[in-house]
Amino acid sequence: MRILNKTNGIWMILIVLSFGLLQGAILLGLIDAFYEITLVTILINMILAIGLNVIIGFSGQFSLGHAGFMAIGAYATGILTKQFPNYGGMAAGIVVGGIIAGIVALIVGIPTLRLKGDYLAIATLGVAEIIRIIILNMGDLTNGAAGLSGIPYLSTWYIGFFLAVVVLIFAANYKYSSVGRATISVREDEIAAESLGIHTTRYKTIAFVMGAVTAAIAGSIHATYFSVISPDQFNFMKSIDILIIVVFGGIGSLTGSVIAATVLGVLNVFLQPFGSFRMILYAIALISIMIFKPSGLMGTKELNISSFIRKKDKSENKKREEKVR
Amino acid sequence: MSLLEVKNLTKNFGGLAAISRVNLKLEENELVGLIGPNGAGKTTLFNLLTGVYIPSSGSIELKQKDVPLSLIGKQTSQIAGFGIARTFQNIRLFKDLTVLENVLIGLHNSRGANTFSSLFRTKHFFDSEELMHKEARELLALFDLESKEEYVAKNLPYGDQRRLEIVRALATRPKILFLDEPAAGMNPQESADLTKLILRIQNEFKLTVVLIEHDMSVVMNVCERIYVLEHGRVLAQGTPQEIRKNKEVIRAYLGGE
């Protein structure tokens with residue numbers, strides 16, 4: 001099996017280790033019920049940021065409507081789990097929400113992504129608003145401005161963690177593949193990519209749809225963990241929040257998004273005692289990142305485990321060679 | 001029929017005819033030069049032939065399995081898929097990607113695994129990645145770039161960047177390769193090396209090369225036929241010897257009555 005190489009093995013160990021740490025902290029009472037909410041929020045933000053990073057970081061298209069796709073997932077799952085309050089209902093909600101979000105992304109993407117330039121930003125800005133207003137006006141199905149409440153508490157942090165890992169793996173699989181490289185080439189130089197036979201619209205659309213589907217998954221977790229959703233949770237500011245995570249972590253870096261979602265989530269908790277002063281400190285943190293590391297925490301680079309291995313191998317080889325001498 | 005046949009090709013930008021009624025024929029496995037003063041429309045002609053611009057009128061036909069195929073209205077990526085590759089006057093490498101990745105992207109269209117098998121890491125994905133890496137390394141080795149495969153493209157010396165762009169274009173397995181001023185900014189030694197390289201490409205890959213170039217030592221040494229463009233028209237065509245003696249060409253380049 002070519003999947004079971006050294007790098008993937010180390011990643012697997014890292015993931016299991018972080019799961020164990022979190023589980024241990026919860027059992028020991030270091031993470032209480034309140035902090036668990038923060039943990040799940042971080043995991044949801046992680047999924048959202050990874051998805052947005054696939055759009056912005058890989059294909060280089062600017063999307064400002066991520067909250068809209070999240071809303072689709074949240075409402076699809078909310079409505080379905082209220083009818084079928086079990087994990088089957090939730091799974092159906094994730095699938096239905098993902099499909100609807102994907103279709104909406106296709107409808108928006110195909111015409112706008114044919115153009116070169118930042119037209120997607122304007123289109124998605126509008127689409128997110130349209131989605132929100134449709135939800136507001138869907139009567140009993142979505143319960144208008146009051147939103148849905150009493151959604152069964154189906155999600156736990158386990159589910160959030162599991163789905164975050166799944167989304168991360170798929171995003172990494174995408175990045176390190178030929179289609180991923182083709183998508184990144186569109187970001188780098190659209191004209192050159194075209195000249196090599198790469199159908200740029202197709203790859204921009206694939207990335208956009210993938211981002212939309214992952215946002216819907218995040219929305220599903222949100223709905224079934226918090227039990228209450230309303231249209232104003234998925235407004236423009238939510239999209240900007242996700243964008244901030246992506247930019248903070250580094251556009252194009254998946255591990256950057258993971259780190260940024262965690263850092264910003266934890267920062268939020270630590271700043272809680274400062275009340276509204278918190279927002280100023282939060283802003284200072286962001287501004288200092290922009291000044292000292294404009295490309296974000298990680299830039300376009302990933303936390304590269306295989307290069308560590310290679311370095312180690314090299315130094316071991318050297319030692320061996322020296323011994324031979 | 002010829003490999004590529006262009007008839008009465010015209011491109012107007014507003015009132016300016018950048019290319020007007022150009023006729024051009026390319027045969028298989030020949031090396032053709034395209035010269036002309038600045039602003040003659042050479043790059044515009046390349047852009048028309050590769051689908052970047054849409055012609056105002058005229059026809060472009062490519063021989064596909066002995067049947068002519070019109071390239072008018074086709075997208076750049078489709079035309080590239082038919083076997084027409086190019087390089088750019090101002091190098092357009094994927095600057096932040098490695099040398100190897102640049103070539104792999106060139107191979108994507110013909111060899112890349114589809115999205116599904118990439119996401120789910122099927123056997124097909126691993127097979128195609130292996131094949132692509134092997135082919136890319138072979139290509140890089142042909143051009144002495146294999147030792148630099150891990151370099152980020154923007155950190156390469158200028159001459160290497162030019163060569164890498166050619167390698168990347170060759171990765172698409174073209175039938176026709178358009179080179180837009182490949183010797184620009186090169187010193188005489190580098191130009192001489194490039195001349196050898198172009199001849200090698202023509203022989204080893206059995207393809208037609210079209211060359212825009214201002215460096216006459218390159219053009220006169222390698223091209224079998226030369227087209228001279230001035231003000232969007234074909235001023236003259238013929239062998240390098242004929243072009244050298246052509247009065248019209250001398251007038252266009254040096255001035256005169």
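Residue numbering restarts at 1 for every chain, and letters A, B, ... go by the order of the sequence lines.
With a threshold of 4.5 angstrom between heavy atoms, A:Ile169 does not approach chain B through any atom at all. Both the backbone and the side chain of B:Phe126 come within contact range of chain A, each with at least one heavy atom under 4.5 Å from a heavy atom of that chain. At a 4.5 Å heavy-atom cutoff, A:Ala171 makes no contact with chain B through either its backbone or its side chain. Residue A:Tyr203 touches chain B through its side chain alone, counting heavy-atom pairs closer than 4.5 Å. Proximity to chain A (any heavy atom under 4.5 Å) is restricted, for B:Phe88, to the side chain, taken from C-beta onward. Proximity to chain B involves both the backbone and the side chain of A:Ile198, based on heavy atoms less than 4.5 angstrom apart.
Side-chain atoms of B:Arg200 come within 3.5 Å of backbone atoms of B:Leu142 as a donor-acceptor pair (strictly under, hydrogens ignored). In this structure, B:Lys42 contributes its side chain and B:Gly36 its backbone to a donor-acceptor pair below 3.5 Å.
Among B:Leu97, B:Ile105, B:Thr172, the residue with the largest count of heavy-atom pairs under 4.5 Å with chain A is B:Ile105. Heavy-atom pairs under 4.5 Å with chain A peak, among B:Glu129, B:Glu101, B:Arg86, B:Glu165, at B:Glu129. Note: B:Leu104 leads B:Leu104, B:Asn102, B:Asn114 in heavy-atom pairs under 4.5 Å with chain A. Between chain A and the options B:Arg168, B:Arg92, B:Lys95, B:Met132, heavy-atom pairs under 4.5 Å are most frequent for B:Arg92.
The pair B:Lys134-B:Glu138 counts as a salt bridge, with a side-chain nitrogen and a carboxylate oxygen less than 4.0 angstrom apart. No salt bridge links B:Glu190 with B:Arg162; every basic N to acidic carboxylate O contact stays at or beyond 4.0 Å.
One distance of note links OG1 of A:Thr214 with CG of A:Leu163; it measures 11.0 Å at 0.5 Å rounding. Of the inter-residue distances, the one linking B:Lys63 atom NZ with B:Leu4 atom CG reads 11.5 Å to the nearest 0.5 angstrom. From B:Ser56, atom OG reaches atom CG of B:Leu48 across 8.0 Å, with rounding to the nearest 0.5 Å.
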